[in-house]
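Computed over heavy atoms, backbone and side chain alike; hydrogens, waters and symmetry mates excluded.
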There are 2 protein chains.
Amino acid sequence: MEPAASAPLACRTPLTAPALADAEAAALAGTLKALAEPNRLKILHRLASAAPDGVCVCDLTDPLGIAQPSVSHHLGVLRRAGLVQRRREASFAYYTLVPGALDRVAALLGERP
Amino acid sequence: MEPAASAPLACRTPLTAPALADAEAAALAGTLKALAEPNRLKILHRLASAAPDGVCVCDLTDPLGIAQPSVSHHLGVLRRAGLVQRRREASFAYYTLVPGALDRVAALLGERP
DNA sequence: CATCGATATCGACGGCCGTCTATGGTGACG
DNA sequence: CGTCACCATAGACGGCCGTCGATATCGATG
């Protein structure tokens with residue numbers, strides 16, 4: 001608007017702020033990217049609804065309507081993101097939510113720094 | 001584990017639940033997909049930090065380190081997702097957060113149905 | 001030991017996404 | 001009225017992602 005240096009014009013920049021660091025942005029984006037998929041959201045909802053001691057893969061394949069390798073793939077993504085955990089028993093695999101994980105993400109989105 | 005019908009085996013399915021509807025899953029996934037990008041998170045953080053009357057595009061280009069059309073692209077994605085809004089003034093464009101948008105997303109992630 | 005069922009991994013294919021350069025449209029200024 | 005700054009759009013290119021069929025592993029069963 002007025003006293004700038006050499007720049008031809010500056011609309012204005014009233015703010016300063018730590019500016020979200022690259023590492024934090026990438027980390028949060030990674031977690032959100034794991035969440036941003038319809039089938040994975042359905043999986044999480046299912047695990048949240050009926051997760052006393054876990055849900056096995058065979059109980060997820062039919063409701064989702066996708067092939068079993070795809071279900072395993074999505075579970076792997078959620079597991080690498082730290083959102084779910086696996087408990088192996090015989091030849092079955094029972095998946096459960098990692099307790100505070102979703103709430104932590106929600107808190108990060110809700111906070112207004 | 002034992003008394004099934006004709007299926008050769010059923011690990012067990014103790015739970016029932018409405019099961020997240022396709023439309024809801026797709027909608028939430030769409031919003032999360034808009035959030036799941038480092039540069040867009042930085043934009044939102046910036047808007048949240050210093051957003052009394054908005055931030056113009058020129059103030060976002062340099063901190064992000066990407067070309068101006070890319071910034072416009074990201075702002076468009078956030079706007080179509082209903083997360084930010086635009087206010088045009090002269091040749092400038094001031095972007096602000098849509099008030100309750102982020103909190104709504106956080107609430108959806110935090111609720112345990 | 002041979003078989004079968006439950007999962008995970010592999011390789012391939014199609015589509016979406018983030019980035020860029022180039023260009024267009026609009027308001028201010030001289 | 002010509003010029004310039006700000007912003008948006010269009011088109012192209014490379015890479016990541018979701019899906020599948022095929023295959024491997026591992027435990028239980030007979």
Side-chain angles (χ1 to χ4, degrees), chain A residues 1-2 4-13 22 25-26 29-43 54-62 64-81 84-96, chain B residues 1-2 4-13 22 25-26 29-43 54-62 64-81 84-96:
Chain A
M1 289 294 195
E2 359 58 291
S6 59
L9 205 162
C11 60
R12 116 275 212 122
T13 324
D22 288 25
T31 304
L32 290 172
K33 209 176 288 277
L35 288 171
E37 214 280 335
N39 285 318
R40 290 199 282 270
L41 288 177
K42 292 185 186 178
I43 291 176
V55 177
C56 66
V57 180
C58 59
D59 285 332
L60 290 171
T61 304
D62 281 13
L64 292 179
I66 57 180
Q68 172 266 323
S70 299
V71 177
S72 275
H73 166 69
H74 288 309
L75 287 168
V77 172
L78 291 172
R79 199 159 71 96
R80 275 186 292 275
V84 308
Q85 54 192 356
R86 178 174 57 178
R87 175 173 55 87
R88 310 207 65 158
E89 196 163 323
S91 67
F92 297 98
Y94 295 98
Y95 283 86
T96 56
Chain B
M1 287 297 193
E2 2 53 290
S6 60
L9 207 160
C11 61
R12 115 274 211 126
T13 325
D22 288 25
T31 303
L32 290 171
K33 210 176 289 274
L35 288 171
E37 215 281 334
N39 285 318
R40 290 200 282 270
L41 287 177
K42 290 185 186 177
I43 291 176
V55 177
C56 66
V57 181
C58 58
D59 286 332
L60 290 170
T61 304
D62 281 12
L64 292 178
I66 56 179
Q68 172 265 321
S70 297
V71 178
S72 276
H73 165 70
H74 288 308
L75 287 168
V77 172
L78 291 173
R79 199 158 70 94
R80 274 186 292 277
V84 308
Q85 52 192 358
R86 178 173 56 178
R87 174 174 54 90
R88 310 208 66 157
E89 197 164 323
S91 69
F92 297 97
Y94 294 98
Y95 283 86
T96 56

Looking at every strand, decide which applies to B:R79 at a 4.0 Å heavy-atom threshold: base, sugar-phosphate, or nothing. nothing
For A:S72, what residues pass the side chain to side chain donor-acceptor pair (under 3.5 Å) criterion, not counting sequence neighbours? A:Q68
Could you say whether A:I66 or B:L75 is positioned toward the 5' end of DNA chain D, judged by the nucleotide with the nearest heavy atom to each? B:L75
Under the rule for side chain to side chain contact (heavy atoms under 4.5 Å, CB included), what residues qualify as partners of B:P69, not counting sequence neighbours? B:A67
Residues at least two apart in sequence or cross-chain that pass side chain to side chain contact (heavy atoms under 4.5 Å, CB included) with B:R80, listed by chain then number, are B:V77
Show the distances under 3.5 angstrom between N or O atoms of the protein and N or O atoms of nucleotides 22-30 of chain D.
none

Helix axis bend for the helix from C:dC1-D:dG30 to C:dG30-D:dC1 - C1'-based end axes, five pairs, 10° rounding: 10°
Tell me whether the OP1 or OP2 atom of D:dA8 has a side-chain N or O from B:R86 closer than 4.0 Å. yes
Which is more 5' along DNA chain C, the nucleotide nearest A:A93 or the one nearest B:G65? Just name the residue. A:A93
List for me each residue that meets side chain to side chain donor-acceptor pair (under 3.5 Å) alongside B:D22, sequence neighbours excluded, and say none if there are none. A:K42
Test side chain to side chain contact (heavy atoms under 4.5 Å, CB included) applied to B:K33 - qualifying residues, sequence neighbours left out: A:A36
Protein-nucleotides 13-18 of chain D N/O pairs under 3.5 Å:
| unit_1 | atom_1 | unit_2 | atom_2 | d |
| --- | --- | --- | --- | --- |
| D:dG18 | OP1 | A:R40 | NH1 | 3.4 |
| D:dG18 | OP1 | A:R40 | NH2 | 2.6 |

